Amino acid sequence: MNMEDCPTGECAIGEASAPKTVDGRSSNESPEEEGDTSTLPVIVYHRHTCGLCWIARYRLWSEGIPFELKPLDSDDSWGEALYSNGYKGGTFKLPVITHGRKAWWNISNHTALAKEIKGRVFPA
């Protein structure tokens, strides 16, 4: 990440909150066994000052993917999604994007991710 993408340093975060078990799944259950995900919302957990969050939002918008925005600092439901997708702790880059039980963070290629999510939202 370069400073042009995140001049205020608001694109990284430390430890996620402990996972919450809301549906009885263990934290190591595979998120791939979801079934039809096309009706589930895409959620972007963001900070308004995060340049990488704006890039991710633009890429989703440019692919025609509807998404919800949730402020990362006041909605901690992203913590469970991270842990159930293999997060082991430590610092990570924002945004956190979820779709069903699947979560993405430390995104290095926003265009490729938008195309992946588009395939989940609009299956062929």
Side-chain angles (χ1 to χ4, degrees):
M1 168 176 47
N2 66 45
M3 290 310 288
E4 289 177 17
D5 292 332
C6 193
T8 62
E10 293 290 318
C11 297
I13 192 164
E15 293 291 319
S17 54
K20 299 175 187 167
T21 306
V22 295
D23 62 1
R25 287 182 299 111
S26 66
S27 62
N28 60 4
E29 185 176 332
S30 172
E32 299 302 322
E33 299 172 17
E34 301 181 84
D36 180 20
T37 60
S38 62
T39 60
L40 299 173
V42 173
I43 302 172
V44 178
Y45 295 91
H46 71 107
R47 285 186 176 144
H48 184 72
T49 55
C50 169
L52 294 173
C53 298
W54 284 96
I55 291 169
R57 291 165 60 182
Y58 173 77
R59 292 292 177 219
L60 292 171
W61 173 82
S62 69
E63 290 290 333
I65 301 166
F67 58 90
E68 298 175 17
L69 288 174
K70 292 192 177 184
L72 182 93
D73 295 318
S74 61
D75 184 329
D76 64 358
S77 59
W78 52 271
E80 177 188 358
L82 286 182
Y83 280 99
S84 67
N85 279 271
Y87 173 72
K88 302 294 184 207
T91 302
F92 59 92
K93 290 190 300 185
L94 301 179
V96 174
I97 301 176
T98 64
H99 183 237
R101 294 183 186 169
K102 181 79 171 135
W104 298 268
W105 65 98
N106 288 337
I107 302 162
S108 59
N109 186 333
H110 291 88
T111 302
L113 177 60
K115 290 184 185 305
E116 178 183 343
I117 292 172
K118 184 176 184 177
R120 292 173 55 91
V121 173
F122 306 115

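Since this is a predicted model, take the numbers as computed values, not measurements.
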Quiz item: Between NE2 of His110 and CG of Leu60, what distance do you get to the nearest 0.5 Å?
Solution: 9.0 Å

Quiz item: For His46 and Leu94, what are the C-alpha separation, side-chain angles and deciding distance, and is it a side-chain contact (heavy atoms from CB on, under 4.5 Å)?
Solution: CA-CA 7 Å; His46 71 107; Leu94 301 179; over 6 Å; no

Quiz item: If you look at every heavy atom in Asp75 and Lys70, which pair is closest and at what distance?
Solution: OD2-CD, 3.1 Å

Practice problem: Just say parallel, tilted or perpendicular for the rings of Trp61 and Tyr58, cut-offs at 30° and 60°. | Solution: tilted

Quiz item: ring-ring contact (aromatic ring centres under 6.0 Å, His included) with Phe122: which residues, sequence neighbours excluded?
Solution: none

Quiz prompt | Donor-acceptor contact present, side-chain His99 to main-chain Thr37, <3.5 Å | solution = yes

Quiz item: How far apart are the closest heavy atoms of Cys53 and Arg47, and which atoms are they?
Solution: SG-N, 3.8 Å

Quiz item: Hey, which of Trp105, Tyr45, Trp104 is the one that makes side-chain contact (heavy atoms from CB on, under 4.5 Å) with Leu82?
Solution: Trp105

Quiz item: Are Ile97 and Ile55 co-members of a hydrophobic cluster defined by side-chain heavy atoms under 4.5 Å apart?
Solution: no

Exercise. Please answer: with hydrophobic residues joined when any side-chain heavy atoms are less than 4.5 Å apart, are Phe92 and Tyr83 in the same cluster?
Key: yes

Practice problem: Sequence neighbours left out, what passes side-chain contact (heavy atoms from CB on, under 4.5 Å) with Trp54? Give chain and number order. | Solution: His48, Arg57

Exercise. Determine, using the 4.5 Å side-chain heavy-atom cutoff (strictly less than), whether Leu72 and Leu69 are members of one ILVMFWY cluster.
Key: no

Quiz item: Tell me, which pairs form a salt bridge (Lys or Arg N to Asp or Glu O under 4.0 Å) where one or both residues lie in residues 107-117, sequence neighbours left out?
Solution: Glu63-Lys115

Exercise. Specify the closest pair of heavy atoms between Thr98 and Ala81, including all atoms of both residues, with the distance to one decimal.
Key: CG2-CB, 3.6 Å

Practice problem: Could you state whether Ile43 and Ile107 fall into the same hydrophobic cluster, counting links through intermediate Ile, Leu, Val, Met, Phe, Trp or Tyr residues with side-chain heavy atoms under 4.5 angstrom apart? | Solution: no

Exercise. Flag yes if Val44 and Leu113 sit in one hydrophobic cluster, no otherwise; membership is Ile, Leu, Val, Met, Phe, Trp, Tyr, and two members link when side-chain heavy atoms are under 4.5 Å apart.
Key: yes

